[in-house]
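Heads up: the structure comes next, in structure tokens.
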Amino acid sequence: MSHKWGMVVDLDRCTGCEACVVACHAENNIPTAGADQAALGRAKHWIRVERYWEGDFPDARIRFQPVLCQQCEQAPCEPVCPTYASYHTPEGLNAQIYNRCIGTRFCANACPYNVRFFNFFNPQWDMPLELQLNPDVSLRTVGVMEKCTFCTQRIKAAEIQAEAEKRDLKDGEFNPACAQSCASKALVFGDLNDPNSEVSRLERSNRGTKLLGELGTKPNVTYLERGTWEDAKNG
Amino acid sequence: MQRTAEQIEQDLLRPVFHTSKKYWVAVAFATSLFFAGVAAFCYQVYAGIGVWGINSPVFWAFDITNFVFWIGISHAGTLISAILRLTNATWRRPVTRCAEAITVFSVLIGALIPLCHIGRPWLAFWMIPYPSERRIWPNFRSPLAWDFFAIATYLTGSTIFLLLPTIPDFAAIRDTATGLRKKIYRVLALGWQGTPRQWQRLETAMHIMAIAIVPVAVSVHTIVSWDFAMTPVPMWHSTIFGPYFVAGAIFSGIAALILTMAVLRKVLRLEEYLRRIHFENLGKLLLTMSLLWFYFTFAERLTTWYGNAPPEMVVFWDSIRKNFAPLFWIMVFCNFLIPVPILGIKRLRTITGTAIASCTVVVGMWLERFLIIVPSLEHKFLPYSWGTYRPTWVEDTLMAASFGFMALLYLLFSKFVPMISVWEMKVGLQPHGGVPVATAEGEHHGLVLEGPLPTDVVE
Amino acid sequence: MPTGWPKWLLMIVAGACTWALVEIALTPHATRASGQSEYVTTGVFTTAHPTAFAAVKDFVNMHPKHPVQPIAYTHTVHLAKGLQCPFCHVGVDQGPEARIPGVTVCMSCHQVIATDRPEIKKIAAYKARGEEIPWVRVYDYSESAHVKFNHAPHIRAQVDCSNCHSDMTKQTTAERKVDMNMGFCIACHKQKQVSIDCETCHY
Amino acid sequence: MQRRDFIKISALSGAMATLEACRSPEQQLIRFVPEEELIPGIATWKPSVCTLCSAGCGLQVRVMQGDAEVVRRGQYGLMKMGLAKKLEGNPQHPVNLGKLCARGQAGLQVLYHPDRITHPIKRSGSRGSGEFQEITWDDALKELASRLATLQSSNSANSLAFLARPMRGQRRELIERFLKAYGAPPAVWYEPFDETVLRQANLLSFGRAALPTFDLRRADYVISFGADFLGTWNSPVAQSIGYGEMRQGRPGRRAKFVQVESRMSQTGANADEWIPCRPGTEGTLALGIAHVILSEKLAPGGPTSPAGSLEGSRAGSVIAGWSAGLPDFAPAALEKQTGVSAAVITRLAHEIAQTGSAVAIIGGAPLAHTNGLFSALAVNALESLIDTGRDQRPILGFMSEPELGDAAQSAVPLQGSLASLNGLAQAALLGQPHAPQMLLLYDANPIFSAPPGVRIREAIAKIPYIVSFGSFIDETSAQADLILPDHAPLESWLDSIPESGSFQAVANLAPPAVAPLHDTRAMPDVLLGLAHQLGGDVAKALPWTTFDALLRAAFIPLRTRGGSINKKTDDEFWSTAQEQGGWWSDAPTAHAAGAQGGGSQGAGSHAGSQPAAATSSLVPAAKHAPMAPAAPEFAGTPAEFPFHFLPYVSQAFGDGSLAHLPWMQELPDVLTTAMWSSWVEINPKTGERLGIRQGDLVEIASQQGSVRAPAVLSPGIAPDIVAMPVGQGHENFGRFATGRGANPLSILAPLAEHQTGSLAWAATRVKLARAGGPEQAKLILFAGGMRGFPHEEEPR
């Protein structure tokens, strides 16, 4: 049975701690842009914790919302790429093939979630910071679009391991860096084709929503709305 | 007082044979602009495209604005001259060539810009469908791939359309020139002898091209508009974009044409040939397009406002009330409020008048493209990821260079080819019509000038 | 260039061109991600090519066919002696990379065997200095290929080493006999009916 | 554009370097024979310990082979070696259960930081000029040893001072023993945000001078007074794990969470109800709630539970008027004082009473007022009243202490660290008879983090000889005469004893995860070496030659304590402990916990599962006279300084010690999304009143001085509060932090909590004025928009 990787983001568990953000930087060799570039709006965070204010003092509230690539089934970023650099893998991921990318940036415009990031310069690390780079993830060069891959290198590694041991992948056997580091278990990753996996169980929750679902992009990431104390009390 | 064939030939071929100091200064200026652009591009390739002001989420800005702008300009020529030829509007004769020239050059520039704007220009050839051991073809679902083919077709088509009617003039130059020049033009003239048979062939070819080029032109700008309309971006994802862009393109095209003519008229001293009537007629056309443009803009904005979709309204208000309001209203003035009275009132529809109107339109149409692209990208669906855009000197330089390049190409062209079709003007002289070598065939080929020249031309 | 062009214009043009060239020539230099062969010591690590020339070479896929090695190692001899590849190239059947043997591996045998040969003496000298043999990489992917090749699955799938490294029994020091371009990989993958999905290798 | 220029330049030189390199890259550097043979491309996971905060989480380090430029035998060269690629939580570890916070994961960049001090250096220019010259370890140690010897022989050994950041474990032990044997006064442990007040309060209320542990996964109602327990306070990872469970871990049972604070913290942002209250009145508010519960006889957890009854609550007994039912704390009376309406107070009391297991938490700003201890005791009293532990044991409890051998961990002192730092400063400034002649610095940066009133800068300038063990040049170590760089944590033997975050006793232990990159030496080994050279008592007191020997001696006794390791021989135990990343006791069973928790006593006598450890710090409650309510005092008059100044521990930088890590600099702040800068949070109304817009430059002035930073208008802060994150404003801390932003600690008044003498960092008053436009301020925000939660589909 082929896999369909998906994620559930429980907005009721998310504390906005941003451990996922740093985990992603460490795992995926995402360079730090530096103050000048960040000021120009070129900071790269494959996963970001969006936060929105509601109300005013003293009734002010904040809503946290981790946003990463939604790995849409009907992804607007895919058809627009003239070179097939952005395409749909058999396992339901929106892959970005760096070496095929010529940098038209069309996909980034088409993405309604703004989760595609462009290499405006060749990334650089002051030595010896480069020793921390993960050899399992390629280093994107200038003019190339990049994005969340659901840590495809981890998926590949797990699949190769399973193949070596002649077995199927177990649910929760591996996780993307973000889900792996999430203390409050707000991010749950797994195989949506496996009805018993935790992710598909949670996806069926009645709190489930899709981000910008009205655009018909059919994301493989599901958000679980915040609950309230009253709901819980009333059962 | 009518001019004789000799005078016409003499007047129109003068630029080819005599070069003024002013001309070289102009060339120098244009060239320096162009090479400034080349330098800026080299710097961009070396340092990374980050030296532009583009950022996340505004990934397109000046680059694509200029691209759409130049492709738009290109609709002047071909479309106009093709339609005028087909409808056999006799006043077209002095106009067509400089129109067609504009087309070819602006398409050329428009096609260059995407090559400069992509992140890895050295891989642009992947847009070309060629068999490789990788067994990967371009993605034919991508509007950019469509662009590539449409523009390639348009470029070849309009080039042919420009060169066909110059053949007899090349021949004319060949006959008068001497030395190296003669050799060159002998080649260019493709052995034109002006036999009835050749005239007939030329005629047929021009007819075919005239008919073929119109749908191509329309499709090109429709496809350009689809670069935007095909993506779920607020205010981009609209069905009106196709016709809207085509209309806008013709609009800006005519304006550019009028401007060029006004300049040529002074520089090449063609007052005798580019007369008020030409500007007046083109002015009328411009007026129509201005009204049409306003209609489209109004329709587009009204539907958005009525639809009241939250993400679209953000862009809507941002462009007409907030950050981009100044640009937006300048655009409305330039494209509508200023040109319409000038072109509408006959007394103002003078050569200067139309030239001024055209100026504002060219500016306005550039702003229109900018206002379509940037505000939408700045405000996509998730407020958290909104951004802003400021151009850098590199982008400014590249833009200036695109104009410089246009001027340069035009200047060089005017050096090698008479900017007004000599033989067509001669045709205009025939009292009972017919081609220079009097032949009955002429009548069947619409080459004949029905009746005498319009009075205001003759006066 | 037509005559009559003013001098200053020519200077502008020439200036612009040369400047552009210099700029390109000084494209930010690179080192490889740690774990890969080429390593240059500078203050900053970037993913770009060392020089414009290197970039061009990479673009047209030029590689040294037969790099000169510090030790004139002979695969022929060792393989003839019945050594198996994984004996020295440890890890080739376990993970993505194969280790290129260092002095410790060599000396584990040559402590006693053929110690009098000049090449062996060289190795011994390296060991004495506590230095590693600076082997030159033969097969490698350019940074911009973004290829992630993993030996282990291929070996499990009984792909013979010689498919990609040609017959080592006929080589002394390794030569780049096989041009490992994408077509080469695809052809084999198609023939073996395994995935040719882009992301199988490119990520 | 400096950064890009810098890159350009290095690119240029680099291009040159590469041109030679192109000929034969291998000739560039000699290549060393690897110390360990790793299989390339295959990752191994090694245990380690996170040292970036006091929580003491267990780590797993992903180690892979790679080429690194290292120093061996005093020679630079390339070596294939194990390189740390990623830090993740240790799944077995009782505190963080395989999870890790943002700061912890950035520990990697401490190891590979480009500004690390790579070899011992000696001051060559004038002090603080930042001019140092390289020096060999032998020379450096010889110099230090001789100076120590002379100091001792001239029997002014007690003029040796040791200044370090508080820590729990064998390093601390080693330092204290060294000083004791040498004859020097105990070390000065300083950090700006110390928890002395809370430890003192817990000692009085619950009999344990330790930070509390919360079993949030069982909580039904959480009311937190200023404690940022999901972000930076106590053991955030452990608490976040519990938080997730209490929200959605139990189908149909979702806890309510109320946060009381004057500026919305990350934790407050997650609350179901956020209640702003006047600074320093949190304790009063807590007693108001208690009043309602007591007076209306709302017995939480049902009438059967005696917790509602007045007597029996030890925590209550230390509050004056408790047994009388807190007559002075009627909600109506508190409205003006606390700024919270009586209705709300009453409602909270009723809600709490309804739910089964409720918990009250206090931490952070409320403790940093002059009346911090009172607030803490008040909340503890409320806690003991409402935390009935419906099932098994109370939510709030204490971690048991592992009984390490010989070098048993000393109890954390209950003296506020500001007081001890003050002592040092005064001694130096006044040149008292035993004024410090030599200062050893370890991992503390008081010049940055102490309030100016302490005048630590002048004090340090007066000390003749300063030695730093720091890995980086910071404000304080820049003053050093000799710097002996320590290994990075991942390169050294680590141990620590978590104070909270689990109910098991935990002793962290980890061998080096990777070989040292630079020519550095572990501080403990250096101290042991010095002890050996000094000889005499010092050598006797520290017989070990290396730190791991000391650790082994300390850990071996745990073998007989059962717990996570069950091995016959000491060697087996020792190696297993290294593989596991430490030792921990078994999880307390419900029964045992019940006994320990003493359910009916409320949280009365939470204690560790080992009586010995529990009693070690127990003091009779009766000894302490009941505490009368105290109003907070502030530095500055409301007239002149209309705003309360609230510096807060930064999400990314902690107390500023992590500001040099690029990942942390580029981490968008949780609430404001600011990067690479510092900022001032003010209420939009206040901004309107003073004509301050988002991003404008504002100046905050206190009696002590003033700082400038860009303004962020935040609805989550009271109009009379000005808040500013701590961490930026370093004048000398590596390329990423130096000269960036402003340091709020530099305008704090040196006010101390009255009872404990720890820094009252929330007690300063300031005035606020616009100082410039956005172009001067340079506020860098990651977020474009801050309003308008995107429309989502209706829940299915």
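Order of the sequence lines sets the chain letters (A, B, ...), proteins ahead of strands, with each chain counted from 1.
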I need the D:Lys80 NZ to C:Arg99 CZ distance, nearest 0.5 Å. 10.0 Å
In terms of heavy-atom contacts, does CD of D:Gln133 have more than 12 from other residues, nucleotides or ligands at under 6.0 Å? yes
Rounded at 0.5 Å granularity, tell me how far CD1 in D:Ile42 sits from CD in C:Gln94. 5.0 Å
I'd like to know whether CZ of C:Phe184 has more than 12 heavy-atom contacts from other residues, nucleotides or ligands below 6.0 angstrom. yes
Interface residues of residues 152-176 of chain C facing chain D - non-hydrogen atoms under 4.5 Å apart: none
Which residues in residues 103-133 of chain C have any heavy atom closer than 4.5 Å to a heavy atom of chain D? C:Val103, C:Thr104, C:Arg129, C:Gly130, C:Glu131, C:Glu132
Within 6.0 Å of NZ in C:Lys57, more than 12 heavy atoms from elsewhere: no
Against chain D, residues from residues 70-91 of chain C with at least one heavy atom under 4.5 Å, in numeric order, are C:Val90, C:Gly91
In chain order, what residues pass the side-chain contact (heavy atoms from CB on, under 4.5 Å) check against D:Arg521, with sequence neighbours excluded? D:Trp137, D:Asp138, D:Leu141, D:Val526
Compare every heavy atom of C:Ala98 with every heavy atom of D:Pro40, then report the nearest pair and how far apart it is. CG-C, 4.0 Å
